[in-house]
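As the structure is a computational prediction, the values presented were derived from the model and not from experiment.
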Amino acid sequence: MRNVAIVGVGISRYGYRSDSNLAELAWEAINEALNDAGAGVEDIDTYIVGNTGVWSSEPLPAVVIGEYAGLQPKNGIRVEAACATGLAATRTGYSLIASGEADVVLVVGVEKMNESTTPQVVELIGRAGNYFWEFENFGLTFPGYYAMYATAYMKRYGATEEDLCMVAVKNHHYASLNPKAHFQKRITVEECMSSRYVAWPIKLYDSSPITDGAAALILASEDVAGKFTDSPIWIRSWGYANGTSNLSRRSDFIGFESTVVASRMAYRRAGIDPDNPVKFFDVVTVHDAFTIAEIIGMGDLGLAKRGEEYKLVREEQTYIGGLIPVNVDGGLKGKGHPIGATGVGMIVDLVKQLQQRADKGRQAPISKGMALAHNVGGTGHYVFTAVLSVDKP
Amino acid sequence: MKTVILKLKRFLDGLFEDPLKLVDDVTDSSGLPVVPDQKTGDPIWVDVREIRMRYTIPIKGVYPYIDSLRKGRLAAAKCRSCGKIYFPPQKDCPRCRVSDMEVHYLSPEGELVTWTVINVKPLSFMHHKDYVVGIVRLRDGINVLAWIDIDDPAKLDVGVRMRLVVDKRPDENYITYWFKPA
């Protein structure tokens with residue numbers, strides 16, 4: 001297995017992008033990534049498109065983007081793992097290089113969610129679980145699935161709706177410092193608390209928005225990475241796991257077993273102490289599709305003791321300067337959640353963090369040289385975790 | 001309109017009628033199905049083709065369990081070889097690698113594990129008022145996800161005793177199952 005470096009990153013503006021179609025949006029990120037790597041389309045051996053689709057009109061996104069970006073006849077395929085599509089696509093790109101199959105791979109995650117109406121999108125994401133047994137008769141929604149975790153967690157550990165809102169306040173704060181983020185405004189706990197319920201106890205301001213966006217990476221083998229950059233960021237390790245499709249087949253609703261399994265796999269492979277991962281990372285992303293997801297995610301990842309995650313949030317320990325900076329790009333909550341782009345966008349920001357070129361006001365201090373990305377598909381249905389490092393493994 | 005099937009179709013047709021009428025008029029007068037985006041004013045091409053999806057789902061492998069709903073019972077599948085109970089029911093036991101299942105009627109009594117109230121509904125449930133969805137652990141140790149019939153969800157709590165009802169859902173008029181506080 002060869003080491004794999006990230007030698008270029010790019011990201012589109014996230015948001016309500018009625019100005020761009022799928023391929024144009026993808027190109028916005030691809031072009032920035034190619035520029036960042038000082039590379040051309042001719043340098044790319046093969047490419048992976050992370051896209052969930054269904055709400056957007058093109059059923060073959062990889063060929064549409066390949067033609068638009070001048071990649072054809074190079075081969076590219078779509079990879080899909082619900083909201084974890086971005087890291088799933090990155091893992092596939094990584095494997096192509098690690099195995100020796102390719103030297104340079106373009107990974108682009110892209111989603112055009114606003115080609116469909118909000119009720120249609122609510123329907124389509126609500127079906128993401130087990131359609132026949134949990135949607136057909138019961139009409140669950142994405143916030144509804146997470147709300148069942150929120151109810152169980154809050155009842156068991158005494159966290160409040162204000163605690164959940166504090167996650168939204170933090171993530172909006174960092175989004176306001178990220179010019180590419182969907183939301184550019186800070187919010188208060190009071191504003192969050194007065195927003196309407198979408199799936200009690202989850203409110204609108206606890207929820208990531210319906211976002212259009214794209215993010216891209218240029219991955220290179222250790223043999224050729226030096227051609228593109230003097231400061232590559234290395235993919236140190238991967239972890240991945242799945243949850244049951246039916247939520248009813250899970251035993252409790254206070255965390256995702258899939259995140260526990262995936263993170264321990266990544267930690268073991270990177271030599272990280274699973275009992276104290278905090279001391280290894282300068283900055284992390286935790287998949288915050290909803291505020292409760294960031295809270296339980298911290299416990300699942302071992303960044304906080306189970307049941308005490310919300311206390312770290314209360315004490316502002318997840319801001320820069322605290323115990324562990326979490327989602328300082330604004331997270332899914334503030335930066336936006338263009339499903340297929342989300343995981344790729346996490347990597348884009350963590351690379352910039354580790355290279356100390358994040359936007360003003362949201363650069364975490366880098367002393368350990370390692371970062372963690374955590375990308376969840378559905379409600380713990382798929383989980384991918386990636387450890388990035390400044391030093392070559 | 002005997003059941004939810006035609007009722008929902010007419011509801012959805014009605015929901016899209018007015019906005020589509022507008023696009024139809026614009027297309028007729030301007031020659032193209034192009035309208036300004038409601039939020040940004042950007043020109044948007046409104047798809048002139050509509051896709052209608054209604055899946056036909058095979059249930060032969062779990063038919064005894066689906067059919068038991070007509071008898072007012074919720075059934076799981078129990079592996080005759082290892083005794084493992086599967087709910088939702090499935091035809092095959094991957095543990096034993098055999099497909100020898102028997103119908104196991106689930107206890108109608110259990111305790112609430114967690115719940116939510118669906119306030120913002122999916123398109124195909126928009127004809128409903130807010131509904132409560134919960135997960136109940138039955139006496140058999142099996143979890144079942146279903147609606148909870150309760151006027152005031154504030155009365156719910158973890159551990160509240162629940163009773164399963166198998167019947168035709170009012171308004172929708174097909175057999176499904178839900179919980180009521182016991």
Would you say that A/Tyr16 contacts B/Thr40 through its side chain, given a criterion of any heavy-atom pair below 4.5 Å between the two side chains? yes
Where along residues 166-182 of chain B does a heavy atom come under 4.5 Å of chain A, listed by residue number? B/Arg169, B/Tyr174, B/Thr176, B/Tyr177
Please check if the number of heavy atoms outside A/Glu162 that lie under 6.0 Å from its CD is greater than 12. yes
So, does B/Thr114 use its side chain to make a donor-acceptor pair with the main chain of A/Thr151 at under 3.5 Å? no
With B/Trp115 as reference, evaluate A/Tyr149, A/Trp200, A/Phe138, A/Tyr145 under the ring pair (Phe, Tyr, Trp, His ring centres under 6.0 Å) test and give the passing residue. A/Trp200
Between B/Asp157, B/Asp47, B/Ile44, which shows the greatest number of heavy-atom pairs under 4.5 Å with chain A? B/Asp157
Part of B/Ile66 within contact of chain A (heavy atom distance under 4.5 Å): side chain
Rounded distance (nearest 0.5 Å) linking atom CG of A/Asn246 with atom CG of B/Asn143: 10.5 Å
Does the side chain to side chain contact (heavy atoms under 4.5 Å, CB included) test come out yes or no for A/Arg156 and B/Val158, once each step is laid out? CA-CA 9 Å; A/Arg156 179 138 161 193; B/Val158 173; over 6 Å; no
May I ask you to name which of A/Ala199, A/Ala147, A/Pro201 has the most heavy-atom pairs under 4.5 Å with chain B? A/Ala199
Any pair with a residue in residues 30-45 of chain B that passes salt bridge (charged side-chain N to carboxylate O under 4.0 Å, His left out), sequence neighbours left out, goes on the list, sorted by first then second residue, please. none
One option among A/Thr141, A/Ile202, A/Val198 has the most heavy-atom pairs under 4.5 Å with chain B, and it is A/Val198
Might you confirm whether atom NZ of B/Lys155 has over 12 heavy atoms from other residues, nucleotides or ligands at distances under 6.0 Å? no
When the 4.5 angstrom heavy-atom criterion is applied to B/Leu145 and chain A, the contacting part is both
Strictly less than 4.5 Å between heavy atoms, which residues of residues 48-58 of chain B line up against chain A? Please order them by number. B/Tyr55, B/Ile57
Chain A neighbours within residues 82-91 of chain B, where any heavy atom lies under 4.5 Å away: B/Tyr86, B/Phe87, B/Pro88, B/Pro89, B/Gln90
Check whether more than 12 heavy atoms from other residues, nucleotides or ligands sit under 6.0 Å from atom CD of A/Gln184, and answer yes or no. yes
Looking at CG of A/Leu140 and CH2 of B/Trp147, how far apart are the two atoms once the value is rounded to the nearest 0.5 Å? 10.0 Å
Just verifying a value: how many Å separate A/Leu204 CG and B/Asn119 CG, rounded to the nearest 0.5 Å? 11.0 Å
For B/Arg80, look at atom CZ and say whether over 12 heavy atoms of other residues, nucleotides or ligands are found less than 6.0 Å away. yes
Under a 4.5 Å heavy-atom cut-off, does chain B meet the side chain of A/Tyr131, its backbone, both or neither? side chain
Contact class of A/Glu115 relative to chain B, heavy atoms under 4.5 angstrom: neither
Under the side chain to side chain contact (heavy atoms under 4.5 Å, CB included) criterion, do A/Val122 and B/Lys121 qualify, and how do the steps go? CA-CA 7 Å; A/Val122 171; B/Lys121 280 137 256 170; over 6 Å; no
Distance col, row A/Asn21:CG vs B/Trp45:CH2, nearest 0.5 angstrom, shows 13.5 Å
If I compare all heavy atoms of A/Gly139 with all of B/Tyr131, which pair ends up nearest, and what's the gap? O-OH, 2.6 Å
pair B/Ile135-A/Met148: side-chain heavy atoms closer than 4.5 Å: yes
What pair of heavy atoms forms the shortest contact from A/Glu123 to B/Ser124, and how long is it? OE1-N, 2.7 Å
Considering only heavy atoms, which portion of A/Phe253 lies under 4.5 Å from any heavy atom of chain B: side chain, backbone, both, or neither? side chain
Interface moiety of B/Ile59 toward chain A, non-hydrogen atoms closer than 4.5 Å: side chain
Ranking A/Gln120, A/Glu134, A/Arg250 by heavy-atom pairs under 4.5 Å to chain B gives rank one to A/Glu134
